[in-house]
Amino acid sequence: MLDINFIRNNQSLVEKSAHEKGYYDVDISKLIELDDRRKVLAKQADDLRADRNSLSAKMKNGKPDPELIAQVKDIKAQLAEIEPELSELEVTIRNQLKRVPNVIFDDVPLGGEECNAEVAKWGEHRTDGVDHLDYAISRNWVDFERGAKVAGAKFYYLRDELALLENALLQFGIKKVLEHGFHFMTVPDMVSSEILEGCGFNPRSSQQSDEYYIEGEDLAMIATAEMPLTGFHMNEIIDEKDLPLCYAGYSACFRKEAGTYGKHTRGLFRVHQFNKLEMYVFCLPEKSREMHEKIRSIEEEIWQELDIPYHVINNAAGDLGSPAAKKYDIEYWSPVDQKYRELTSCSNCTDFQARSLNIRVRRNDGSVEVLHTLNGTAISLARTMVAIIENYAVKDGKLRVPEVLKPYLNGESEI
RNA sequence: GGAAGCGUGGCCGAGUGGUUGAAGGCGCACGACUCGAAAUCGUGUAUGCAGCAAUGUAUCGGAGGUUCGAAUCCUCUCGCUUCCGCCA
């Protein structure tokens, strides 16, 4: 969430960003009015408490004075009138505040998805591709039918070489993130609502929530390791000298994907459960733009080494989530569909998530401020396998193995 | 799941209901000493909110309650540890 004082001082900017992102359901002026009221009440309550405290202090020697006690009781009565409204107001303000999206950077294209700007392009488009699902089924590498039998549509089994390919990709991904100084981690696959909402995801009550929730518990299955990685440092103050903190979390990811039926749902591209290696960075505010470029370059490096043609887009405002100030997507060129498809994304969330979860930095000079967080996909395995099959499979033949994956597949050049 | 114990500042660790936002130590910062360093000594060192500031106020896992006054008492709750049960 944003800082209420920032919102006060930059009201039009905040409103403009919310509008550009496309969800504009919070009345900023009203929010500021609520906070005005909160300040007045808080001041009154503080003054009353000051009176109460000084009167109480007069009775410190164990000599209760009926006169003073009566006065204190009167003050308590006044407090009792203010406090409920004050605490209710604080909750309301926080809830409203959580709904105000992060401000976009000035180099984010305005408009909707159609305004996404291509900022880089790599590789030669292949003209012939192999449909990944037909191919994988023909090799008996994937089983959606039995997946549906045990868990429902969009659940699947991977087997034999494809399951081994997934493992090889993970090993390759781990190697890459280690090379770039990330700490490899495995994480809880469930998080509490506090973490989920602090990351800027829609709450359980929301119609748009994409998460699976555990009945009777304040828990959700994670949609990305970004969730537990953000929560990792909740309520902590990190010394400046320890930043940046770079983590790469591997987890299963669970998404309901409600309402996406019909949008390229075939096969492994959009499923309810997949595995992903996610990069996550906590850094100084003035370093986050630079770090964002670094994460993007790592992602590009991965696709180049896998030799998958791609382009990078700077997502337009209407395509950004609530927490992101700027986001890059890497889309690979699908030779089957003759178009680009999303493979990874990386976002600079500035201080948006960190403020919600109270994650701060203690500067060398002793001052404390909210730090910045960023996240980026290292490798999303199911989708990457789609891209690899499309680019590397030989129709009615074997799957050629990308050079960098050979070490993890017994040195085989085809499987 | 049953029983017991414990949750205090960046960390460790004191804390008879009343100058306790909190002793002491560690760590850290600055200063002195030194050619420099180590050691030593001195000073400082939680966060939120309001305020230009002085300062006020809140916070000792969380939420309620008792009291003129709660880190200290009561209730609930969450987490951790240990023992038992169960189990990859």
Side-chain angles (χ1 to χ4, degrees), chain A residues 1-9 31-98 186-198 204 213-220 228 231-245 252 282 284-285 351-371:
Chain A
M1 63 189 192
L2 294 174
D3 176 11
I4 183 67
N5 289 320
F6 175 85
I7 293 175
R8 282 177 177 279
N9 298 329
L31 179 56
I32 292 173
E33 278 173 30
L34 288 175
D35 193 54
D36 287 339
R37 174 69 180 153
R38 193 211 97 233
K39 281 191 179 187
V40 170
L41 288 178
K43 176 69 178 155
Q44 287 176 10
D46 275 5
D47 288 346
L48 286 170
R49 289 194 191 104
D51 292 346
R52 181 197 63 190
N53 289 348
S54 68
L55 288 175
S56 281
K58 290 182 184 171
M59 292 182 272
K60 243 174 215 164
N61 303 324
K63 299 177 292 186
D65 178 333
E67 174 86 7
L68 292 178
I69 290 175
Q71 285 183 40
V72 173
K73 288 203 164 179
D74 181 51
I75 290 172
K76 274 187 78 172
Q78 293 180 54
L79 264 176
E81 286 182 26
I82 295 175
E83 282 175 333
E85 184 185 347
L86 181 58
S87 56
E88 193 180 323
L89 204 48
E90 284 170 346
V91 170
T92 304
I93 289 170
R94 188 177 166 88
N95 286 338
Q96 295 277 304
L97 216 42
K98 284 199 288 194
T186 59
V187 300
D189 282 346
M190 297 188 208
V191 293
S192 66
S193 59
E194 181 182 20
I195 301 295
L196 183 128
E197 290 174 36
R204 190 171 202 149
Y213 289 91
I214 305 302
E215 178 92 32
E217 309 243 12
D218 180 29
L219 284 173
F232 189 68
H233 285 299
M234 177 169 70
N235 291 331
E236 293 184 20
I237 299 177
I238 297 163
D239 285 338
E240 178 174 348
K241 67 177 165 56
D242 295 326
L243 294 178
L245 287 166
F282 299 85
L284 292 171
D351 59 4
F352 190 87
Q353 295 177 324
R355 181 169 296 102
S356 299
L357 293 179
N358 194 28
I359 308 171
R360 294 170 293 175
V361 53
R362 190 186 311 280
R363 297 280 191 173
N364 292 332
D365 67 6
S367 64
V368 171
E369 67 183 292
V370 177
L371 49 67

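Only a predicted model underlies this, so the values are computations on that prediction, with no experimental measurement involved. A note on names: the letters A, B, ... follow the listed sequences, proteins ahead of strands, and every chain is numbered from 1.
- Helical stems of RNA chain B (runs of at least 3 Watson-Crick or G-U pairs, donor-acceptor distances under 3.5 Å) are listed by first residue: B:1-7 with B:78-84, B:10-12 with B:24-26, B:27-32 with B:40-45, B:46-50 with B:55-59, B:61-65 with B:73-77.
- In this model, the phosphate group of rU47(B) is approached by a side-chain N or O of Arg362(A) to a distance below 4.0 Å at OP1 or OP2.
- One interatomic measurement links the two molecules: CD of Glu236(A) to C1' of rC11(B), which rounds to 13 Å at whole-angstrom precision.
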Result block: side-chain N/O donor-acceptor pairs under 3.5 angstrom for residues 66-80 of chain A, not counting sequence neighbours:
unit_1: Asp74(A); atom_1: OD2; unit_2: Gln78(A); atom_2: NE2; d: 3.3

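- When atom types are taken as modelled, the side chain of Ser367(A) and the backbone of Arg363(A) share no donor-acceptor pair closer than 3.5 angstrom.
- Between the CD atom of Glu194(A) and the P atom of rG79(B) there is a distance of 13 Å, rounded to whole Å.
- Atom CG of Asp74(A) and atom C1' of rU67(B) are 17 Å apart (whole Å).
- Taken from CZ in Phe282(A) to NE2 in His233(A), the straight-line distance is 5.0 Å, to the nearest 0.5 Å.
- Per the geometry, CG belonging to Asn235(A) stands 14 Å off C1' belonging to rG10(B), to the nearest Å.
- Judged as a salt bridge (Lys or Arg N to Asp or Glu O under 4.0 Å), the pairs with a partner in residues 186-197 of chain A (not counting sequence neighbours) are, in order, Lys98(A)-Glu197(A).
- Going from atom OG of Ser193(A) over to atom CG of Asp218(A) covers 3.5 Å, rounded to the nearest 0.5 Å.
- Taking the side chain as every heavy atom from C-beta outward, Leu41(A) and Leu89(A) approach each other to under 4.5 Å.
- Taking the C1' atom of each, rA23(B) and rA32(B) are spaced 27 Å apart, rounded to whole Å.
- A residue-by-residue look at Ser54(A) and Ser367(A) shows that Ser367(A) has its nearest nucleotide of RNA chain B further toward the 5' end.
- How far CD1 of Ile237(A) is from CG of Leu371(A): 10.0 Å, rounded to the nearest 0.5 Å.
- Nucleotides rA3(B) and rU8(B) are separated by 26 Å at their C1' atoms, to the nearest Å.
- The side chain of Lys39(A) lies closest to rG51(B), out of rG51(B), rU47(B), rC68(B).
- rC49(B) atom P lies 12 Å from atom CD of Glu90(A), rounded to whole Å.
- Under a 3.5 Å cut-off, the side chain of Asn9(A) and the backbone N or O of Asn5(A) do form a donor-acceptor pair.
- Remark: the separation of the P atoms in rC41(B) and rG15(B) is 26 Å, to the nearest Å.
- Remark: Arg360(A) pairs with Asn358(A) by the side-chain hydrogen bond (donor to acceptor under 3.5 Å, both in side chains) rule, at least two apart or across chains.
- Here the nucleotide nearest the side chain of Arg52(A), chosen from rU67(B), rA50(B), rA58(B), is rA58(B).
- Nearest to the side-chain atoms of Arg38(A) among the listed nucleotides rC68(B), rG48(B), rC49(B) stands rC49(B).
- Considering only heavy atoms from C-beta on, Ile7(A) comes within 4.5 Å of Leu97(A) through its side chain.
- Closest to the Lys76(A) side chain, of the nucleotides rC49(B), rU67(B), rG10(B), is rU67(B).
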Trace of the salt bridge (charged side-chain N to carboxylate O under 4.0 Å, His left out) decision for Glu369(A) with Arg355(A): CA-CA 9 Å; Glu369(A) 67 183 292; Arg355(A) 181 169 296 102; over 6 Å; no
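- Among the heavy atoms of the strands, none lies under 4.0 Å from Arg363(A).
- Looking only at distances, a side-chain donor or acceptor of Tyr213(A) sits under 3.5 Å from a matching main-chain atom of Arg204(A).
- Taking atom CE of Met234(A) as the reference point, atom P of rG62(B) lies 13 Å away to the nearest angstrom.
- A straight line from CD of Glu369(A) to C1' of rG48(B) spans 16 Å, rounded to a whole angstrom.
- Taking the C1' atom of each, rU66(B) and rU57(B) are spaced 23 Å apart, rounded to whole Å.
- Counting any heavy atom pair closer than 4.0 Å across all strands shown, Lys43(A) reaches no nucleic acid atom.
- For rG27(B) and rG65(B), the C1' atoms lie 39 Å apart once the distance is rounded to whole Å.
- Distance check on atom P: rA29(B) versus rA39(B) gives 12 Å, rounded to whole Å.
- When the C1' atom is used for both rA46(B) and rC60(B), the distance is 11 Å, rounded to whole Å.
- Mapping Val368(A) and Asn5(A) onto RNA chain B by nearest heavy atom places Val368(A) at the nucleotide closer to the 5' end.
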Trace of the salt bridge (charged side-chain N to carboxylate O under 4.0 Å, His left out) decision for Lys43(A) with Asp46(A): CA-CA 5 Å; Lys43(A) 176 69 178 155; Asp46(A) 275 5; over 6 Å; no
Interface polar pairs with nucleotides 53-56 of chain B, N/O, under 3.5 angstrom:
unit_1: rG56(B); atom_1: N2; unit_2: Asp46(A); atom_2: OD2; d: 3.1

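- rG10(B) atom C1' lies 10 Å from atom CG of Asp242(A), rounded to whole Å.
- Taking the C1' atom of each, rC26(B) and rU16(B) are spaced 28 Å apart, rounded to whole Å.
- Atom CE of residue Met234(A) and atom CD of residue Gln353(A) lie 13.5 Å apart, to the nearest 0.5 angstrom.
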Footprint string (nucleotides 72-78 of chain B, 5' to 3'): B base within contact, S backbone only, - free, heavy atoms under 4.0 Å: -------
